[in-house]
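Please read the structure below before turning to the comments.
None of the values given here were measured: they were computed from a predicted structure. Just so it is clear: chains get the letters A, B, ... in the order the sequence lines come, proteins before strands, and each one is counted from 1.
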Protein chains: 2
Amino acid sequence: MPGKILVVDDEPAIRAMVRFALKQADFTCIEAADAEQAQTLVLKDLPDLILLDWMLPGVSGVDYARRLRRERLTQNVPIIMLTARADEDDKVRALGTGADDFMTKPFSPRELVARVKAILRRIAPMASGDVVAVADLILDPSTHKVLAGDEHLSLGPTEFRLLHFFMTHTERVHSRERVLDAVWGSNAYIDERTVDVHIRRLRRALMASGYDRYVQTVRGVGYRFSGDG
Amino acid sequence: MPGKILVVDDEPAIRAMVRFALKQADFTCIEAADAEQAQTLVLKDLPDLILLDWMLPGVSGVDYARRLRRERLTQNVPIIMLTARADEDDKVRALGTGADDFMTKPFSPRELVARVKAILRRIAPMASGDVVAVADLILDPSTHKVLAGDEHLSLGPTEFRLLHFFMTHTERVHSRERVLDAVWGSNAYIDERTVDVHIRRLRRALMASGYDRYVQTVRGVGYRFSGDG
DNA sequence: TTGCGTCTGACACAAAAGCGTCATACTGTT
DNA sequence: AACAGTATGACGCTTTTGTGTCAGACGCAA
């Protein structure tokens with residue numbers, strides 16, 4: 001279950017093709033025909049990546065991309081622009097909006113999937129679906145298992161995501177706010193103290209294998225996942 | 001990898017290329033120039049996969065694909081559509097017929113083989129007819145029997161297919177949606193909770209032999225069939 | 001066709017697991 | 001010591017899953 005992808009295009013045919021391709025590759029796909037619909041979906045469940053048509057009825061794809069970049073919620077969601085023609089000017093402008101990549105129609109499903117995966121690996125390591133390992137701690141999103149050495153340890157969904165986040169973003173301090181954004185999906189009205197509780201639960205689960213010491217408190221700032229003290 | 005593949009294309013040159021590529025990869029290849037011939041071969045010896053040209057003299061590839069999907073015998077045989085141009089509309093329509101993939105000419109032998117293998121991997125572990133075994137649990141599709149140790153256990157058709165799916169796709173977590181696709185067929189309008197019910201029935205059947213613990217719930221995600229907890 | 005038994009999917013309710021918040025205890029800093 | 005930030009256990013609530021039941025579909029036999 002690598003990731004959730006929002007497709008914004010007014011042509012149902014394109015959406016159908018994209019949906020098919022993404023589904024084949026095990027992505028979850030949500031769809032919108034215009035910017036307004038898209039925004040509703042974005043607020044409802046924040047996607048991991050957005051495929052955005054350059055030309056849209058109403059608010060254009062370019063304008064919508066700018067807006068997505070301005071707003072805090074979507075600031076870090078990668079965007080791939082879809083355009084009808086390979087026009088250099090368009091390309092420059094598209095990248096100017098903050099798009100992460102750019103594809104000209106027609107494109108093959110294979111190419112689409114390849115690019116999506118590339119972007120996700122680069123920008124959203126959590127959504128790539130790859131096995132993550134830190135020392136002897138191994139987390140496998142595809143089986144949803146976590147191994148510490150050869151011990152299999154069981155985590156609740158939230159602790160699993162939390163550990164996944166930490167393991168894909170090691171060595172850095174993350175504020176509670178950031179953790180909430182990454183693990184809870186950023187539009188949650190949740191008390192920051194709640195992070196503490198889940199940190200506690202995660203530590204407890206890791207305790208048996210000693211990996212709890214990887215989950216480090218940085219007083220006044222947040223938490224860090226790191227091998228050395 | 002076992003496999004008999006039917007190529008339906010009116011151009012002998014294409015057929016020759018495909019035949020060559022498939023033979024190299026150890027597939028058996030049978031050929032037809034039109035839908036009528038194809039149908040004769042299908043009835044004589046059911047192929048594991050069909051490569052079907054989009055444009056055929058007489059009954060078009062699209063229509064023939066629909067027919068293959070309608071008929072019981074061929075309902076589950078994967079189809080790869082071959083189209084002349086990368087026309088988005090064609091692609092979409094091809095997928096609408098129930099094709100599992102499509103390729104635009106010209107394609108390389110390598111690409112062909114890769115796609116064929118991909119499809120067979122995805123669909124065939126269950127369709128191969130091979131006996132599947134996990135620990136002492138043995139499922140034989142040809143006799144439709146399941147043995148746990150030396151106990152013979154009886155399952156309903158759906159539970160049988162469900163177990164078959166699990167045994168050919170162990171270790172991974174499968175969302176209910178995915179399970180529905182694989183076990184019920186990808187065009188079933190079925191409540192996701194129904195999966196739970198059949199999981200229950202399967203577990204109950206496996207209970208006597210203790211294999212019910214292999215059927216694991218991954219909360220918030222789906223189910224997994226796995227030896228270790 | 002009719003009748004019979006099995007299989008199925010939906011539903012409703014029960015049970016379980018997970019979640020977020022809070023109050024309180026604790027720890028490090030100044 | 002006083003303060004601010006953090007850790008932790010408990011608790012009420014929500015979401016998700018488990019399970020029994022039932023009406024209808026289906027296959028089969030007469």
The side-chain hydrogen bond (donor to acceptor under 3.5 Å, both in side chains) partners of A:Asp34 (sequence neighbours excluded) come to none

Comparing B:Arg200 with A:Met207, nearest DNA chain D nucleotide closer to 5' gives the residue A:Met207

Hits for side chain to side chain contact (heavy atoms under 4.5 Å, CB included) against A:Ala208, two or more places apart or cross-chain, chain-then-number order -> none

Checklist entry - Going by the angle between their ring planes, with limits at 30° and 60°, are A:His144 and A:Phe160 parallel, tilted or perpendicular? => result parallel

Whole-Å distance, A:Leu180 CG to C:dG20 C1', equals 11 Å

>> Taking 4.0 Å as the cut-off, does a side-chain nitrogen or oxygen of A:Tyr223 come that near to OP1 or OP2 on D:dG5?
In response: no

DNA chain D nearest-nucleotide lookup for B:Asp196 and A:Gly222: closer to the 5′ end is A:Gly222

Axis-to-axis angle across the helix from C:dT1-D:dA30 to C:dT30-D:dA1, five pairs each end, nearest 10 degrees, ~ 30°

In B/S/- notation (B base, S sugar-phosphate only, - none; protein heavy atoms under 4.0 Å), nucleotides 7-15 of chain C written 5' to 3' is SSBBB----

B:Glu36 meets the side-chain hydrogen bond (donor to acceptor under 3.5 Å, both in side chains) criterion, sequence neighbours left out, with none

In whole angstroms, the gap separating P of D:dG18 from CZ of B:Arg213 amounts to 17 Å

> Hey, does the side chain of A:Arg15 reach the backbone of A:Asp9 with a donor-acceptor pair shorter than 3.5 angstrom?
Replying inline: yes

Rounded to whole Å, the CZ-C1' distance (B:Arg224 to D:dT17) equals 16 Å

Those residues at least two apart in sequence (or on a different chain) that pass side-chain hydrogen bond (donor to acceptor under 3.5 Å, both in side chains) with B:Glu159 are B:His198

Rounded to whole Å, the CG-P distance (A:Leu162 to C:dG20) equals 11 Å

### Query
With the threshold set at 4.0 Å, does a side-chain nitrogen-carboxylate oxygen contact exist between A:Asp100 and A:Arg69?
yes

B:Arg203 atom CZ is separated from C:dA16 atom P, nearest whole Å, by 14 Å

Taking every heavy atom of B:Val8 against every heavy atom of B:Ala38, the minimum-distance pair comes out as CG2-CB, 3.7 Å

_One thing to verify: whether B:Arg178 and B:Asp181 come together as a salt bridge, which I'm taking to mean a side-chain N less than 4.0 angstrom from a carboxylate O._
no

